[in-house]
Structure formats: structure tokens, C-alpha cells
Amino acid sequence: MTFEYGGQQHSASVTGVPFLKEGDTTRILYNPATGQVKGDFSGLETVFSLVAYIPAVFCLAIGAIIFLAAVISAVRRFSLFNEKNKVYGEIVEVEENFNIVINHKHPKVAICAFDEPGTGKRLRARSVNSMLDLFSMVGMSVPVYYNRSNPAKSFVDLENAYNGTLHEENGPVVHDFRNL
């Protein structure tokens, strides 16, 4: 950087001005005794140059909130699988999910009825989509991991009840026709 002081041209490198580009004009503080040159941050140009960082800080904050929510959700989900939350229910109904096709078949969802621990109130929980033969499991007792804060999010453990065996051996191929 070149500047004029006392009628003479001086050349120095400026410290403390991270936003300077070649050809920019800025105010500096010059100490003639030491020859040190510093940027003067009292002007509005510094404030305006910091405005460019606002979207980045905003995106970082949103990303941190999303990440924190995902971690909290995972911790809650894993805490559900304690033995104290495990109850047994009976499969009372089976529904087919016609929105998804896996290997030319529709997955099924089991509706399981169980008694709420403590109150004895009869509740129902839906399982996740499964390719198991759920129609043969109607009336069968299956483990249900009861979610005390939100009973609708209780987990029906069909795989454990069916000894973890699926009918498809080569893994399912999913065809989702909801968006056609």
C-alpha cells in the first residue's frame, strides 16, 4: 500500500484490514516514529463490509439448530429401546401400503393393540412398512416399545417377533409411485 504523509510517498503493508482489495481507498493510522500502519475501523466502510458475513452466520445458525434437533431426536429414539419401555401387544389388524411397491408387492403395516403401562388403557400402535407375512401374524403377541411422551410414536418390533427373517433374500427394490 502506498500513502502520502508530510508531503512524501510511503509504502507499507497494512495490518488489521482484512477487507481491503487492490484499488480500495481507506483511512489508516500511521505512527511516524515506528513506521507502523494500521487500518482505521471507525468508518462505515468496515460495517458495510461485515454485512457480507450475515448470510453465512445465518446459515451456520440454522444448520446448528437442525443438527442439534437431529441429535436430540436420535437420543430420544435410542432411549426408547430400554427394557422398562417394553410391553407386549397383539397384532389386531394388517393394512397394505399401496403407495410403495417392493419387488412387485405392497409392504404391509401391522396395527398392534397393547395396554398402556400404569393406566391399563388400551392403545394402538402402527408398525413400519414391512415385507413380512403379517397376515399370518394376526393375533400374535409382539414386543412394543412404549413411548411415554408420545404413545403414537411407540415402536412395534416385528422383526424380533418374526425371528428377523424376511421373505426376500436379495434385498428389496423400492418403487415409490406417489409422485407419478
Side-chain angles (χ1 to χ4, degrees), residues 16-19 41 46-180:
V17 184
F19 308 107
F41 289 109
T46 304
V47 173
F48 290 129
S49 63
L50 290 175
V51 169
Y53 287 102
I54 291 175
V57 171
F58 181 72
C59 290
L60 181 66
I62 295 296
I65 290 170
I66 292 171
F67 177 75
L68 189 60
V71 167
I72 291 171
S73 174
V75 167
R76 284 184 181 166
R77 194 174 320 120
F78 286 125
S79 68
L80 178 66
F81 295 102
N82 288 335
E83 286 300 316
K84 70 178 183 176
N85 295 329
K86 188 176 185 179
V87 296
Y88 284 90
E90 178 184 348
I91 296 178
V92 293
E93 191 179 337
V94 175
E95 296 176 355
E96 285 192 58
N97 185 349
F98 292 108
N99 295 324
I100 301 173
V101 175
I102 301 174
N103 290 342
H104 307 291
K105 298 177 186 175
H106 297 289
K108 287 131 188 89
V109 175
I111 310 296
C112 184
F114 63 97
D115 295 328
E116 182 178 20
T119 64
K121 181 179 171 185
R122 194 77 169 162
L123 298 175
R124 288 179 159 221
R126 296 175 59 89
S127 71
V128 296
N129 290 324
S130 176
M131 293 306 293
L132 297 172
D133 183 17
L134 296 182
F135 289 110
S136 66
M137 295 175 69
V138 172
M140 184 178 181
S141 178
V142 294
V144 177
Y145 291 94
Y146 176 65
N147 188 339
R148 295 177 194 283
S149 61
N150 188 355
K153 292 186 177 181
S154 297
F155 179 75
V156 180
D157 193 3
L158 295 174
E159 300 293 327
N160 193 17
Y162 202 74
N163 295 327
T165 59
L166 288 172
H167 288 285
E168 271 61 30
E169 295 183 14
N170 295 338
V173 178
V174 178
H175 303 282
D176 190 350
F177 294 109
R178 287 181 285 187
N179 296 325
L180 291 180

Side chain to side chain contact (heavy atoms under 4.5 Å, CB included) evaluation trace for Arg148 with Asn85: CA-CA 8 Å; Arg148 295 177 194 283; Asn85 295 329; 3.1 Å; yes

Verdict with supporting geometry, Leu158 and Met137, side chain to side chain contact (heavy atoms under 4.5 Å, CB included): CA-CA 9 Å; Leu158 295 174; Met137 295 175 69; 4.3 Å; yes

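A distance of 9.5 Å separates CE of Met131 from CG of Leu134, quoted to the nearest 0.5 Å. Going from atom OG of Ser127 over to atom CD1 of Ile111 covers 7.0 Å, rounded to the nearest 0.5 Å.
What you find for Val144 and Val156 is that their closest heavy atoms are CG2-CG2, 4.3 Å. A pairwise comparison of heavy atoms in Phe114 and Tyr88 identifies CB-O, 4.0 Å as the closest pair.
With contacts defined as side-chain heavy-atom distances shorter than 4.5 Å, the pair Ser130/Lys108 does not qualify. Here the side chains of Val109 and Val128 are not in contact, with every heavy-atom distance at 4.5 Å or above. Between Ile100 and His106, the closest side-chain pair of non-hydrogen atoms is not below 4.5 Å.
Ion pairing of Arg122 with Asp115 is present here, as a side-chain N (NZ or NE/NH1/NH2) and a carboxylate O approach within less than 4.0 Å.
At distances below 3.5 Å, at least one donor-acceptor pair connects side-chain atoms of Ser154 with backbone N or O atoms of Asn147.
A salt bridge (charged side-chain N to carboxylate O under 4.0 Å, His left out) with Arg124 is found for one member of Glu116, Glu93, Glu90 and no other, namely Glu93.
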